[in-house]
Each structure stands twice: as structure tokens, then as C-alpha cells.
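Structure record follows, encoded as C-alpha cells.
Computed from a predicted structure; not experimentally measured.
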Amino acid sequence: QVQLAESGGGLVQTGGSLRLSCAASGFSLHYYSVGWFRQDPGKEREAVSCISGSDGSTYYADSVKGRFTISRDNADNTVYLQMNSLKPEDTAVYYCATGPHLLSGSELRVWRAYDYWGQGTRVTVSS
């Protein structure tokens, strides 16, 4: 059974850290591009950080550069999002998604390019 599951969300104070996990089962995640997106009710879905399946290039939203880091662990079939120095504006439901192997550059941040999504994990940053 093909599954993509996020975990690691929760409640944290401003300045704190969380590590989100995107674990795949039923397929090998390393071949695919993987993106982390976030969305809150009434707001548009936003690409947070993405990693290409072909060349390993990454994308970070300007709002998270220097604070968030995306990484792969092929042995665990998991992609992580390390989030440091969290701010209240980072509060959202975070989703991971898989996309085509060859996504790279500006294509990485286009959520419509991704075709398989997890159920999401909520991150709440208190002020």
C-alpha cells in the first residue's frame, strides 16, 4: 500500500524548533522530488521547502531561508524538515508531497506539479 505520512508537528514557543518527517511506505521516496507545503484556512497553499529528485537542488521560501533545512534519509525512506527559530507566522498545517523526478529550479515550488500528498501535520507557534 502506497502511503505518505507526515509527523512531528505540535505546539512550540517562538524561537523553538521542530523536525517534521515525511515517511513513505510502498515506494522508494529517493527517486521523487519532495516538497513541504503549508496552508492555513483562508490562505493560499505555500511552498516552504522542496528538494529535487534528479539533482538534489533545493528551494526555500524567502520567509524560511536560514531557519529551515530540508534533507533526505534514503535508508529510512524519509524526508525531513528541520525548523529552527520558529515564529508565530510559521503556524499552519504542513503537508509533504511527491512530484516528478525531474523537477528542479523554479518548478519545485509549484504545488500543482506534485501529485501525491500526505494528510498533513499541524504546527502551532505561540508568541
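- One finds the CZ atom of Phe68 at 14.5 Å from the OG1 atom of Thr58 (value rounded to the nearest 0.5 Å).
- Looking only at distances, a side-chain donor or acceptor of Thr78 sits under 3.5 Å from a matching main-chain atom of Asp76.
- Classification of the Trp111-Trp117 ring pair by plane angle, with boundaries at 30° and 60°, yields perpendicular.
- Residue pairs satisfying the salt bridge (Lys or Arg N to Asp or Glu O under 4.0 Å) criterion with at least one member in residues 45-59, sequence neighbours excluded, are listed as follows: Arg38-Glu46.
- Ion pair Asp90/Lys87 not flagged as a salt bridge, since none of the NZ, NE, NH1 or NH2 atoms sits closer than 4.0 Å to an Asp/Glu carboxylate oxygen.
- Closest heavy-atom contact between Val64 and Val48: CG2-O, 3.6 Å.
- Shown here are the disulfide (SG to SG under 2.5 Å) partners of Cys50, two or more places apart in sequence or in another chain: there are none.
- Contact check for Trp36 versus Val79: side-chain heavy atoms found under the 4.5 Å cut-off.
- Ring-centre distance between Phe37 and Tyr114: below the 6.0 Å cut-off.
- Side-chain contact between Gln13 and Val125: absent, with no pair of heavy atoms (C-beta onward) separated by less than 4.5 Å.
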> Is there a side chain to side chain contact (heavy atoms under 4.5 Å, CB included) between Thr121 and Ser7 once you walk through the steps?
Replying inline: CA-CA 6 Å; Thr121 185; Ser7 62; 5.6 Å; no

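- Between Thr69 and Asn84, every side-chain heavy-atom pair lies at or beyond the 4.5 Å cut-off.
- In this structure a side-chain-to-backbone donor-acceptor pair under 3.5 Å is present from Arg67 to Ser63.
- The two residues Asn74 and His30 make their nearest non-hydrogen contact at OD1-CB, 3.0 Å.
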>> Applying side chain to side chain contact (heavy atoms under 4.5 Å, CB included) to Ser49 and Leu81, what does each step give before you reach the verdict?
In response: CA-CA 8 Å; Ser49 182; Leu81 184 67; 3.8 Å; yes

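- One distance of note links OG of Ser104 with CD1 of Ile51; it measures 12.5 Å at 0.5 Å rounding.
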> Between Asp73 and Tyr80, is a side chain to side chain contact (heavy atoms under 4.5 Å, CB included) present by the stated rule, with each step listed?
Replying inline: CA-CA 8 Å; Asp73 186 330; Tyr80 298 99; 3.7 Å; yes

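- A distance of 4.0 Å separates SG of Cys22 from CG of Leu4, quoted to the nearest 0.5 Å.
- No donor-acceptor pair under 3.5 Å is formed between the side chain of Arg109 and the backbone N or O of Tyr60.
- Nearest heavy-atom pair across Gln39 and Lys43 is NE2-O, 3.2 Å.
- Glu6 and Tyr95 make their closest contact through OE2-CA, 3.3 Å (heavy atoms, listed as atom of the first residue, atom of the second, distance).
- Between the side chain of Tyr94 and the main chain of Gly8, no donor-acceptor pair closer than 3.5 Å is present.
- The heavy-atom pair separating Leu102 from Glu107 by the smallest distance is O-OE1, 3.9 Å.
- Annotation for Leu86 and Leu18: closest pair CD1-N, 3.8 Å, computed over non-hydrogen atoms.
- By the 4.5 Å heavy-atom criterion applied to side chains, Gln82 and Ser17 are counted as neighbours.
- Of the options Ser57, Ser52, Pro100, a side chain to side chain contact (heavy atoms under 4.5 Å, CB included) to Ser33 is made by Ser52 and by none of the others.
- Clustering ILVMFWY residues whenever any of their side-chain heavy atoms sit less than 4.5 angstrom apart, transitively, puts Val123 in a cluster other than the one holding Val93.
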>> Using the rule given for side chain to side chain contact (heavy atoms under 4.5 Å, CB included), can you reason through Tyr32 versus Phe27, listing the C-alpha separation, both sets of side-chain angles and the distance that settles it, and then say yes or no?
In response: CA-CA 10 Å; Tyr32 295 90; Phe27 68 102; 3.7 Å; yes

